[in-house]
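This report refers to the structure that appears directly beneath it.
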2 protein chains.
Amino acid sequence: MAFSLDPPVSREERGVVSPAVVLDTALTLFAERGYHGTSVKEIASRLQIRTPSLYNHMSGKQGLLQEIVGDTTREVWQDFVEVTAGIDGVEERLEKAVYVYALRHARRRREAIVVNRDVSSLEEPVLSEVLELRRRHEHAIRGLVQEGIDASVFADQPASLVSFAVLEMCVSIARWFHVDDRFSAEEVAKQYSLYALRIAKGDVPVKA
Amino acid sequence: MAFSLDPPVSREERGVVSPAVVLDTALTLFAERGYHGTSVKEIASRLQIRTPSLYNHMSGKQGLLQEIVGDTTREVWQDFVEVTAGIDGVEERLEKAVYVYALRHARRRREAIVVNRDVSSLEEPVLSEVLELRRRHEHAIRGLVQEGIDASVFADQPASLVSFAVLEMCVSIARWFHVDDRFSAEEVAKQYSLYALRIAKGDVPVKA
DNA sequence: CCTACCGATCGGTAGG
DNA sequence: CCTACCGATCGGTAGG
């Protein structure tokens with residue numbers, strides 16, 4: 001799996017400004033105020049440098065957004081492929097796919113918030129690439145649900161509603177989860193993958 | 001219930017610009033591009049008037065956002081109170097509370113998108129009022145879940161995770177639902193309230 | 001409803 | 001990494 005903990009690249013710790021530090025600072029501000037609500041001056045100010053110096057470490061504001069949203073979306077699809085490969089049971093595949101997706105939204109909260117709020121601020125060609133990857137992921141989840149319905153493993157119901165509900169439920173984790181909560185990221189992901197199975201299986205009893 | 005269909009107040013139909021038409025136009029643009037991504041010039045342009053003329057129909061850009069987000073949030077809380085009043089069964093109360101919340105997000109998509117994306121762009125005192133109302137609604141849903149757990153009607157599990165998952169699943173309807181879809185707003189709301197019961201009841205069988 | 005205009009801020013560049 | 005500066009656009013006002 002392509003997970004790693006959020007890289008704590010801050011100015012204070014490293015002492016110097018670098019492309020990674022600029023990206024991390026922008027990520028925090030974009031998540032807090034949105035892409036259009038963040039100015040390059042604010043990014044510079046937080047790094048205690050002037051605006052023009054920022055351009056030694058980035059191509060521009062739009063480039064930062066493209067890197068954040070593009071990288072994250074590619075990783076989401078990669079996670080799905082890796083975690084469902086070589087598994088027979090459709091129930092187990094859905095459980096694992098939801099688990100990694102939920103886990104990512106607990107571990108990479110800032111990225112998730114920016115991806116979901118500011119995707120429409122992306123310029124081409126990254127916009128089209130990102131939308132295509134998201135569509136592919138949603139269709140893959142929907143396909144799993146439909147496969148389970150066809151095999152009578154899941155309750156007979158509209159697969160599209162199930163996949164939307166399950167995916168967006170996971171996305172929302174980024175909006176309320178805190179590391180210092182009573183639950184770990186893994187516990188939350190485990191619980192949410194259970195919710196997904198409950199929704200999918202419907203009247204079939206699910207062990208808690 | 002405080003529902004009505006989305007008021008189709010467009011410039012073309014009414015022929016004249018009014019505060020309601022300006023608000024409706026701003027609502028569409030805010031939903032499409034975000035509050036910070038929309039300029040007052042764009043609002044004016046869509047109404048085929050000049051920017052200064054807009055100020056005959058509004059106090060300012062921030063005032064439009066406050067009206068959209070403030071009104072919607074107050075209605076959400078009012079819906080909850082009205083729909084759960086005088087009902088004994090905790091299961092039925094949760095089902096109805098989720099139904100109206102989901103239904104609103106299918107019927108008032110633009111409002112829902114703006115409320116959830118641009119709430120942080122609100123200025124005081126409306127910001128505090130809105131956050132308090134949202135907190136109250138979330139705690140009320142969580143309270144219902146806990147009440148059901150205590151009564152052994154729902155599975156024993158963290159009530160906070162259930163309430164977050166259920167509420168955000170509903171919020172997301174605004175992002176994918178279209179009136180011309182294969183499902184009506186009522187059908188989607190019905191299905192989502194069923195999902196909520198499945199998550200809450202867990203290992204208890206739920207009739208489809 | 002308009003023209004004319006305000007100061008502030010935007011992302012970004014020149015040049016060192 | 002900086003100062004100095006660019007044209008464009010921002011939300012909003014004056015005055016009619």
Side-chain angles (χ1 to χ4, degrees), chain A residues 9-69 114 118 120-124 126-127, chain B residues 9-69 114 118 120-124 126-127:
Chain A
V9 265
S10 70
R11 163 82 149 145
E12 292 72 25
E13 297 175 32
R14 300 299 223 82
V16 291
V17 177
S18 68
V21 170
V22 169
L23 189 69
D24 188 81
T25 305
L27 179 53
T28 297
L29 287 169
F30 289 174
E32 279 176 7
R33 312 159 190 218
Y35 177 72
H36 286 303
T38 304
S39 66
V40 296
K41 191 180 178 184
E42 288 173 311
I43 301 172
S45 169
R46 188 160 292 206
L47 293 167
Q48 296 175 279
I49 58 175
R50 307 290 174 186
T51 302
S53 306
L54 226 40
Y55 289 81
N56 293 313
H57 307 289
M58 65 175 196
S59 60
K61 192 187 172 190
Q62 172 70 207
L64 295 172
L65 182 67
Q66 293 186 352
E67 193 167 340
I68 292 167
V69 180
V114 174
D118 294 315
S120 61
S121 298
L122 277 176
E123 294 172 8
E124 297 292 2
V126 179
L127 174 61
Chain B
V9 266
S10 72
R11 164 85 152 148
E12 291 72 26
E13 298 174 29
R14 300 297 222 83
V16 290
V17 177
S18 67
V21 170
V22 170
L23 189 69
D24 188 82
T25 305
L27 179 52
T28 296
L29 288 169
F30 288 174
E32 279 176 8
R33 310 157 193 223
Y35 177 73
H36 286 302
T38 304
S39 67
V40 297
K41 192 180 178 183
E42 288 174 311
I43 301 172
S45 169
R46 188 160 292 206
L47 293 168
Q48 295 175 280
I49 59 176
R50 307 291 174 184
T51 303
S53 307
L54 226 40
Y55 288 82
N56 294 314
H57 307 288
M58 66 175 194
S59 59
K61 192 188 174 190
Q62 172 69 208
L64 295 172
L65 182 67
Q66 294 187 352
E67 192 167 341
I68 292 167
V69 180
V114 174
D118 294 314
S120 62
S121 298
L122 278 175
E123 295 171 7
E124 299 290 3
V126 179
L127 174 60

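Throughout, protein chains are lettered first and strands after them, A, B, ... in sequence-line order, and every chain is numbered starting at 1.
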Identify the two heavy atoms, one from K61(A) and one from F30(A), that lie closest to each other, and give their separation to 0.1 Å. CG-CZ, 4.2 Å
Whole-Å distance between dG11(C) C1' and Q62(A) CD? 12 Å
Rounded to whole angstroms, how far apart are NZ on K41(A) and C1' on dC10(D)? 15 Å
Ignoring hydrogens and angles, tell me if any N or O in the side chain of E67(A) forms a donor-acceptor pair with the backbone of L23(A) under 3.5 Å. no
Which of dC1(C), dA14(C), dT3(C) is nearest the side chain of V17(B)? It is dC1(C)
With a cut-off of less than 4.0 Å, is there a side-chain N or O of R50(A) near OP1 or OP2 of dT3(D)? yes
Determine whether Y55(A) and V40(A) satisfy the following criterion, side-chain contact (heavy atoms from CB on, under 4.5 Å), listing intermediate values before the conclusion. CA-CA 10 Å; Y55(A) 289 81; V40(A) 296; 4.1 Å; yes
Under the side-chain contact (heavy atoms from CB on, under 4.5 Å) rule, what do R33(A) and E42(A) come out as? Steps first, then yes or no, please. CA-CA 11 Å; R33(A) 312 159 190 218; E42(A) 288 173 311; 2.6 Å; yes
Atom CG of L54(B) to atom P of dT13(D): distance rounded to whole Å? 12 Å
Using a cut-off of 4.0 Å on non-hydrogen atoms, how would the nucleic acid contact of H57(B) be classed: base, sugar-phosphate, or nothing? sugar-phosphate
Report the distance from atom CE of M58(A) to atom C1' of dG11(C), rounded to the nearest whole Å. 8 Å
Want to settle it: does N56(B) or K61(B) sit nearer the 5' end of DNA chain D, counting the closest nucleotide to each? K61(B)
In the structure shown, which nucleotide is the Watson-Crick or G-U wobble counterpart of dG15(C), with both distances under 3.5 Å? dC2(D)
I need the OH-C1' distance between Y55(A) and dG16(C), as an integer number of Å. 19 Å
Would you kindly compare S53(B) and H36(A) by the position of their nearest DNA chain C nucleotide and give the one closer to the 5′ end? S53(B)
Remember a base hit wins even if backbone is also touched, and classify S39(B) as base, sugar-phosphate or nothing at under 4.0 Å, heavy atoms. sugar-phosphate
What does T38(A) touch in the nucleic acid at a heavy-atom separation under 4.0 angstrom: a base, only the sugar-phosphate, or nothing? sugar-phosphate
